[in-house]
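Proteins come first, then strands; the chains are lettered A, B, ... in the order of their sequence lines, and each starts at number 1.
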Amino acid sequence: MKKENDFFNDVYEVVRQIPKGRATSYGAIAAYLGKKRGARLVGWAMGSSYHQQGIPAHRVVNSQGILTAKMLFDTPTFMQEKLESEGILIKNDKIQNWKECFWDPEKELAL
DNA sequence: GGTATGACTGTAT
DNA sequence: GATACAGCCATAC
């Protein structure tokens with residue numbers, strides 16, 4: 001079967017649509033794609049493609065708003081500084097106003 | 001096709 | 001609050 005609409009592709013689409021100054025969680029994306037417990041796939045998919053242009057992977061954090069992947073970027077501060085530059089307040093690698101920055105694709109995209 | 005792994009999440013202790 | 005364990009799904013070997 002064709003796979004042009006891979007899980008990866010869907011992840012890219014969603015992540016690309018994350019507005020500036022906002023962030024979302026792996027679980028939210030997974031749930032939006034129908035993989036209620038496939039958060040790991042989202043993270044894995046991102047890790048395999050965060051190098052690609054147009055994928056603001058730094059806007060994707062875990063359910064607690066913690067920058068779990070910051071260490072995987074070129075620099076451990078890249079992710080935090082990037083988010084801070086967009087207006088997101090971060091402390092201890094964790095988004096302080098997480099609930100305010102949280103961008104839920106199921107609601108925002110309102111499919 | 002089975003085993004191992006992963007940027008996760010939720011429940012249990 | 002922190003640690004431990006289990007669940008879930010796709011990719012890689």
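Among the protein residues, A57(A) comes within range of the nucleic acid bases, having at least one heavy atom under 4.0 Å from a base atom. As judged by a 4.0 angstrom heavy-atom cut-off over every strand, G47(A) is placed among the base-contacting residues. Nucleic acid contact class of V60(A) (heavy atoms, under 4.0 Å, all strands): base.
Place K35(A) and R40(A) on DNA chain C by their nearest nucleotides, and R40(A) ends up nearer the 5' end. Heavy-atom distances to DNA chain B give each of R37(A) and Y50(A) a nearest nucleotide, and the one nearer the 5′ end belongs to Y50(A).
Per the geometry, CG belonging to L72(A) stands 17 Å off P belonging to dT5(B), to the nearest Å. One atom, OH of Y26(A), and another, P of dG10(B), lie 14 Å apart when rounded to the nearest Å. For the pair Q64(A) CD and dG10(B) P, the computed distance is 9 Å after rounding to whole Å. Look at CG on L33(A): it is 13 Å from P on dC9(C), rounded to the nearest Å. Atom CG in N62(A) sits roughly 9 Å away from atom C1' in dT9(B) (whole-Å rounding). Regarding M46(A), its CE atom lies at a distance of 13 Å from the C1' atom of dC8(B), rounded to whole Å. Computed from coordinates, the D6(A) CG to dA10(C) P distance equals 10 Å when rounded to whole Å. D104(A) has its CG atom 13 Å from the P atom of dT9(B), to the nearest Å.
With rounding to the nearest 0.5 Å, the separation of CD in Q80(A) from CG in D93(A) is 5.5 Å.
The backbone N or O of K107(A) sits nowhere less than 3.5 Å from a side-chain atom of Y32(A) that would complete a donor-acceptor pair. Judged by distance alone, with hydrogens and angles left aside, the side-chain atoms of D104(A) form a donor-acceptor pair with the main-chain N or O of E106(A) at under 3.5 Å. In this structure a side-chain-to-backbone donor-acceptor pair under 3.5 Å is missing from R59(A) to G21(A). In this structure a side-chain-to-backbone donor-acceptor pair under 3.5 Å is present from S25(A) to A28(A).
At a cut-off of 3.5 Å, with distance as the only test, no side-chain donor of S63(A) or Y26(A) sits close to an acceptor on the other residue.
If you check residues 77-101 of chain A against DNA chain B, you find no residue with a heavy atom closer than 4.0 Å.
The side chain of S63(A) places no N or O atom within less than 4.0 Å of a non-bridging phosphate oxygen (OP1 or OP2) of dC8(B). OP1 or OP2 of dT11(C) has not a single side-chain nitrogen or oxygen of S48(A) nearer than 4.0 Å.
Side-chain contact between H58(A) and F73(A) is present, with heavy atoms from C-beta onward closer than 4.5 Å.
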